Amino acid sequence: MVLRLFYIAPYYVYRIWRCGKDKKVSFEESFAYIKKVTKRANHAGRVIIETKGLENIPKEDGFIFFSNHQGLFDGLVFLDSCPRPFSYITKKEARNVFLLKQVGDALGVIAIDREDIRQSMKVINQVAEEVKNGKNFLIFPEGTRSRLGNKLLDFKGGSFKSATKAKCPIVPCALIDSFKPFDEKSIKKVKVKLTYLPPLYYNDYKDMKTSEIADEVKKRIEEEISSQQNAEMQEIKM
């Protein structure tokens, strides 16, 4: 990915930096450009993104994607596949990493300090308000990458507080093999799968505790991953 884009990468970084600094550039324009660069990067890296369930993305903006977390490549999968602009929450340690910082500035990414309860509550409230105003977000409720391949860690109930405050649709998302592009030491083509599952609307979860919502979303994602893996095994046997 890096070698194939080496000659033009500085220009891409500069343009993304400008998106974050120039107030005349809208959020939608910034997202569209970053999406274009992401598609170019994934193609250069010989990564194929297979997407299912785009019809499950709510028609109106103001929703939150909740996905399992496998690694740094996860964001590139969503940026490549999602037709609707979104921002995301990241841990404060990643907010100032080169390129992640430029992308974060352009998309209005919000950093959270998991050790600071007061700051975390401010982030939860900020995300809820932005979602109410029609902005979409991506949240990884495991809080950190699983490092277990396609197995999930427990989902943290607190990750869903922004959704309950905003009373917005929750869209479970299942990532499969997203750890492979950056974790496997190979230049072979690799396929990463992302499924947008049917959303939970406020009436579906309004009487649930956030811990119960977390368990339900995790269960749906695990079932989707298991279903796809079983289907692959059946194809291999045939």
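On a predicted model such as this, the values are computed, not experimentally measured, just so you know. Residue indices begin at 1 and follow the sequence shown.
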Inset, instruction - Report yes or no: do Ile110 and Phe160 belong to one cluster of Ile/Leu/Val/Met/Phe/Trp/Tyr joined by side chain heavy-atom distances under 4.5 Å? - result: yes
Legend entry - Basic-acidic side-chain contact under 4.0 Å: Lys219, Glu216: yes
Inset, instruction - Kindly indicate, with the supporting measurements, whether the criterion side chain to side chain contact (heavy atoms under 4.5 Å, CB included) is fulfilled by Lys180 and Val192. - result: CA-CA 8 Å; Lys180 290 184 175 180; Val192 176; 5.7 Å; no
Inset, instruction - Measure from the side-chain N and O atoms of Glu29 to the backbone N and O of Ser26, and report whether any donor-acceptor pair falls under 3.5 Å. - result: yes
Legend entry - Side-chain donor/acceptor of Ser227 to backbone N/O of Glu223, under 3.5 Å: no
Inset, instruction - Report the distance from atom CD of Glu55 to atom OH of Tyr196, rounding to the nearest 0.5 Å. - result: 11.5 Å
Legend entry - Asp177/Lys193 ion pair, N-O < 4.0 Å: no
Legend entry - Backbone of Val127 reached by a side-chain donor or acceptor of Glu130 within 3.5 Å: no
Inset, instruction - Check step by step if side chain to side chain donor-acceptor pair (under 3.5 Å) holds for Asn150 and Gln70. - result: CA-CA 7 Å; Asn150 291 313; Gln70 298 189 344; 2.8 Å; yes
Inset, instruction - Determine the interplanar angle of the His69 and Phe140 rings, folded into 0 to 90°, and report it as parallel if under 30°, tilted if 30 to 60°, perpendicular if over 60°. - result: parallel
Inset, instruction - Report the distance from atom CE of Met208 to atom OG1 of Thr164, rounding to the nearest 0.5 Å. - result: 11.5 Å
Inset, instruction - Spell out, as yes or no, whether a donor-acceptor pair under 3.5 Å connects the side chain of Lys35 to the backbone of Leu79. - result: yes
Inset, instruction - Check whether Tyr12 and Ile34 end up in the same hydrophobic cluster, where Ile, Leu, Val, Met, Phe, Trp and Tyr are linked by side-chain heavy atoms less than 4.5 Å apart. - result: yes
Legend entry - Polar side-chain atom of Glu50 near backbone of Leu194 as donor-acceptor pair, under 3.5 Å: no
Legend entry - Asn136 side chain vs Ile64 backbone, donor-acceptor pair below 3.5 Å: no
Inset, instruction - Please check if the distance between the ring centroids of Phe65 and Phe63 is under 6.0 Å. - result: yes
Inset, instruction - Treating Ile, Leu, Val, Met, Phe, Trp and Tyr as nodes and any side-chain heavy-atom pair under 4.5 angstrom as an edge, say whether Ile225 and Val171 lie in one connected cluster. - result: no
Legend entry - Side-chain ion pair, Glu129 and Lys165, N-O less than 4.0 Å: no
Inset, instruction - Would you check if the side chain of Tyr202 reaches a backbone N or O of Ala166 as a donor-acceptor pair within less than 3.5 Å? - result: no
Legend entry - Check: Asp80 main-chain N/O paired with Lys39 side-chain donor or acceptor under 3.5 Å: yes
Legend entry - Any donor-acceptor pair under 3.5 Å from Thr195 side chain to Leu197 backbone: no
Legend entry - Interatomic spacing from CG in Asp61 to NZ in Lys59 - rounded to 0.5 Å: 12.0 Å
Legend entry - Point-to-point distance, once rounded to the nearest 0.5 Å, from CG of Asn42 to CZ of Arg46: 13.5 Å
Legend entry - Distance in Å, Lys92 NZ paired with Gln119 CD, rounded so as to fall on 0.5 Å steps: 8.0 Å
Inset, instruction - Just do the salt bridge (charged side-chain N to carboxylate O under 4.0 Å, His left out) check on Asp154 and Lys218 with the steps written out, would you? - result: CA-CA 8 Å; Asp154 289 337; Lys218 180 186 177 186; 3.1 Å; yes
Inset, instruction - State whether Arg95 and Asp105 are salt-bridged, where the test is any N-O pair (Lys NZ or Arg NE/NH1/NH2 against Asp/Glu carboxylate O) under 4.0 Å. - result: yes
Legend entry - Joint hydrophobic cluster, Leu138 plus Leu72, side-chain heavy atoms closer than 4.5 Å: yes
